[in-house]
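Here is the structure we will look at.
The structure presented is a predicted model; accordingly, all values stated were derived computationally and were not measured.
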Amino acid sequence: MRIPKATYRIQFNSEFGFDAAKAITNYLAELGISDLYASPIFKARAGSGHGYDVVDPTLLNPELGTQEAFDSLVQELQQHQMGWVQDIVPNHMAYDSQNKYLMDVLEYGPDSAYVDYFDISWNSPFAGKQEPILAPLLGNFYGDSLENGEIQLNYDERGLNVNYYSLKLPLKLESYARFLTQNLGKLAKTLGRRHPTFVRLLGVLYIVKNIPSETTAQQRQDQAAFVKGLLWELYTDNSEVKTFIDENLQLFNGEPGKPESFNLLDNLLSEQFFRLCYWKVGAEEMNYRRFFTVNELISVKVEDLKVFRNTHDLICKLVSEGKFTGLRIDHIDGLYDPKQYIDRLREKTGDTYITVEKILQQGEDLPSDWSVQGTSGYDYLNYINGLFCKTDNEEQFTQIYSNFTGITASFEQVVPEKKHLIIDRNLAGDIDNLAFLLKTISGKYRYGNDFTINGLKRALAEILSRFPVYRTYVTEAGISEIDRAFVQEVTEAAKSYTPLLYHELNFIEKLLLLEYDDFLSEAEKSQWLYFVMRVQQYTGPLMAKGVEDTALYVYNRFVSLNEVGGEPGHFGISPSEFHEFNQQRQSKWVHAMSTTSTHDTKRGEDTRARLNVLSEIPEEWQKQVRSWSDINRSYRKTVKRFTMPVRNDEYLFYQTLVGAFPFDEEDIPSFVERVKDYVVKAIREAKVHTAWLRENSTYENAFTDFVTAVLEPSQENPFLKEFLPFQKWVAEYGIFNSLSQTLLKITSPGVPDFYQGSELWDLSLVDPDNRRPVDFETRQSYLKAIKEQANTDILKLIDELLAQKKDARVKLFLIVQALKARTEHLQVFQQGNYLPLEVTGKFKEHIIAFARNDGNKTIVTIAPRFFTSLIQPGEYPLGQEVWNDTSLKLPTEVSSTWKDAITEQAVQSNGTLLIGEVLKYFPGALLVSQN
């Protein structure tokens, strides 16, 4: 198996395709990257900015370049001995006209060759209904969209289709009869009933009116192809037929202002295999599984072996050809049976490096029977980020937050409340489906006969809202003790909140634990298991939407901790917890990814590093926030005694400014616009005063106007006069946090992963802000100059980089040096033991240190933190004067001679190291034993 030394995540899109990636391959190799880590590159919806809206996984995305361009990029990577880790999307595809598989289902219904591809109600083994598949893609109510003329019938070589702007859905073959019988008498008079063209048209009508009820998928396809071909010939060869069809189109498409003129089209749409409706309908009615709450992403039944093979054919081919050397599985928890999927993928791809996008809560581990190398790194991100949050100040930050906002609820209280909100408003249709299935099961047994669907739904909602992890992994093989404990824990918690639903909760627990009654038939056991598997597919989206996309935007006590997979209720991580996590990784998941920024993170890694400085200075932070709020009071708007923005949103705004404010003044105008976009997204996600489902333009405009006024680029702006000195002070300390974070990531157990552009300061906000174009030309020029200077006078170079640290070259330098050491001593980093090191002396809490050892080679990482109580602004955390008697105890029986891989200077020891001696030139050290 090829294990990456370090990965670099690229977000491919039409503006950055295969040729653009090829142009930076040499740069990545020089940086020390071993593997390109690519966003989805398969055919996606036209204009996709991320590639997760796949329409055809059997083709490369033509917007990224040709097959030749792809092959050329692969060849370039291979010439640099680089691999390719590919992000794959097995859970869903785009609900889009370009999705030929879905369009086939919408046209042919149950007779489609692809009907088993999608997770729709038709495919439920216990549903028994074939209601039209929802198409909740309209921007307005169906009736309004229809009568405004926005929904239009169209005809082309592919047949009859209904258009809504760029959306184009095919009509079922039987509907051609309704369309062609309109004004048929008029055409008969024009051509004559015995005219060969008219006779052929009657033949078309006869076929569509007499389609046998029992037809195979292939027969239906053949009939449709024949009818469409013949009709298109008539349309293109005969002007009378063309006029007849065009006039019918005009007739069906109605006339705005005359509602009755749309009756024909309305009736035509009512008989389709799909039902066009307002996008908000999807929140309360749903008969297909979506990716989270995104109507435009329909889930795939990848558990069907045929579907798995077809959708993974190209992926497996590229793996077998050596073009893909690794895979990252997107949203593994969305799959019906993740282990089954992993086993199939492993069987197809052999000894290939595989990681999974899996959100682990603190203390949770991956199932040990998954044949993967680990996660894509969110667990590592939250541990390393928490390391720079000063846990001692939690109570003060809680008080500051409460005093400023009036909010006293803990994060643990906020989460179930917001999950209930998502259940009620965004996933109501999904839980209705689960409750219906639950009622069907309970009604079969005397002990469940009196349960109402309402009671079952409320009990189920209570259990799901309190689930502490993204999902359990119960299968036909049974339930693990860990999952059993989760189910029992949440059931007990639910009982304490809803004691009147005691019996319903017991029944649901019985199902979730698969405690089958002795008298159950195999069919009944299958139905119980099906319910459990469906619940497991629901808990992940509920967690993601309730926590990641709601609670993390509501609970703003300290937003550095509000990260994917994070638990803001835990105010930071102790060194011992960090070391324990790393030791577990070393023993179980040594090749998992270690990331600090991704395309899904809420903030860039250096934004969080800055914010963590605030955790050290609660008194100063409180003073600043109060001052800023007083200055900006006049910019808040009051409507009917309601003042906007509210204090909680204002508090988020100030933290955002401190964390993301640019170093360069020339970037401030664009930053203001970025912040305005961000706050609108943030408050919609919070779902308190506005939401995606119910936008409140009054509140949103008040907030963006507030941002504009507060950040007015004027010499007289009182806020900026007060804010900028403090922000620059925090940013200065944040730089040192960033450097320590970077060093730890590269040297901890795992594969260090770098998000595009983050080799310089990553001060981005949530997507789409973090998908902005990357200036690779600047990075290439920086790297070239750094390497040249490092070969001549490295200490002079370090002095210069520290003096000009705002341009981020110092971070780039650290990455180059640390990755160089990682490459040279790869065996130590991939297989070596992990040993936490003891620090003594005055500033022992300010140092994180550990050793990696393999055979006679030992490498020691030393990373400082908590700089505000260590140095004054403008000073460097270097030298004996700063570090006093702080010392590091080295492992026994190690070399007394070391070389710092960062500064390339020799270091001597006698079993201990004075931190001031080691950190003489650079604020971090990577010591390599010299034997």
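Under the ring-ring contact (aromatic ring centres under 6.0 Å, His included) rule, W621 has a single partner from F558, Y654, W628, which is W628. Screening Q789, E759, E800 for a side-chain hydrogen bond (donor to acceptor under 3.5 Å, both in side chains) involving R809 leaves a single residue, E800. Remark: of the listed residues F723, W729, W761, F723 is the sole one forming a ring-ring contact (aromatic ring centres under 6.0 Å, His included) with F661.
For the atom pair CG of D900 and CD of Q817, the computed distance is 9.0 Å after rounding to the nearest 0.5 Å. Rounded to the nearest 0.5 angstrom, F671 CZ and L711 CG are separated by 7.0 Å. Here CZ of F581 is found 8.5 Å from OG of S748. Values are rounded to the nearest 0.5 Å. Here the straight-line distance linking atom CG of L797 with atom CG of L802 works out to 9.5 Å at 0.5 Å rounding.
Taking all atoms of both residues into account, the shortest heavy-atom contact from I871 to E875 is CD1-O, 3.3 Å. Across all their heavy atoms, S764 and T607 have their closest contact at O-OG1, 3.3 Å. N556 approaches N562 most closely through the heavy-atom pair OD1-ND2, 4.1 Å. For the residue pair E650 and S629, the shortest heavy atom distance occurs at OE2-OG, 3.2 Å.
A salt bridge is absent between E838 and K844; no separation between the charged side-chain nitrogens and carboxylate oxygens falls under 4.0 Å.
Side-chain rings of Y555 and Y401 approach one another, their centers coming within less than 6.0 Å.
One N or O on the side chain of N403 and one on the backbone of Q399 form a donor-acceptor pair closer than 3.5 Å. A donor-acceptor pair is defined here as one N or O able to donate and one able to accept, closer than 3.5 Å; no such pair exists between the side chain of S627 and the backbone of K623. A donor-acceptor pair under 3.5 Å links the side-chain atoms of Q880 to the main chain of N884, judged by distance alone. Checking side-chain atoms of E616 against main-chain N and O of F867 turns up a donor-acceptor pair under 3.5 Å. A donor-acceptor pair is defined here as one N or O able to donate and one able to accept, closer than 3.5 Å; such a pair exists between the side chain of N612 and the backbone of R608. Here the side chain of T886 pairs a donor or acceptor atom with the backbone of F843 at under 3.5 angstrom. When atom types are taken as modelled, the side chain of R852 and the backbone of T747 share a donor-acceptor pair closer than 3.5 angstrom. With Q396 contributing its side chain and N393 its backbone, the two residues share no donor-acceptor pair below 3.5 Å. With hydrogens and angles ignored, the 3.5 Å screen pairs a side-chain donor or acceptor of S34 with a backbone N or O of A6.
Side-chain atoms of H599 and D767 include no donor-acceptor pair closer than 3.5 Å. Using modelled atom types, one finds no donor on one side chain facing an acceptor on the other under 3.5 Å when comparing S560 with R603. In this structure, a donor-acceptor pair under 3.5 Å is absent between the side chains of Q584 and E580.
Taking the six-membered ring where tryptophan is involved, the planes of H846 and W883 are perpendicular, since the angle between them exceeds 60° and thus also 30°. Aromatic ring orientation, F404 versus Y651: tilted (interplanar angle from 30° to 60°).
Stacking of R610 on the aromatic ring of F663 is recorded, both the 6.0 Å distance cut-off and the 45° axial limit being met. No cation-pi contact links K5 to F829, judged by a cut-off of 6.0 Å to the six-membered ring centre and 45° from its axis. Both the sub-6.0 Å distance and the 45° axial angle are satisfied by K390 relative to the ring of F866.
Within 6.0 Å of CD in E777 there are 12 or fewer heavy atoms belonging to other residues, nucleotides or ligands.
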Show me the donor-acceptor pairs, under 3.5 Å and distance only, between side chains in residues 909-925 and residues at least two apart or in other chains.
residue : atom : partner : partner atom : Å
S909    : OG   : W898    : NE1          : 3.2
N910    : OD1  : T912    : OG1          : 3.4

* To do: Start with the C-alpha gap between T595 and D753, add the side-chain angles, then the distance that decides, and say whether side-chain hydrogen bond (donor to acceptor under 3.5 Å, both in side chains) holds.
  => CA-CA 5 Å; T595 193; D753 171 48; 3.2 Å; yes
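Contacts of E567 classified as side-chain contact (heavy atoms from CB on, under 4.5 Å), with partners at least two apart in sequence or in another chain: Q361, Q362, H570. Applying the side-chain hydrogen bond (donor to acceptor under 3.5 Å, both in side chains) criterion to N856, with sequence neighbours excluded, gives no partner residue.
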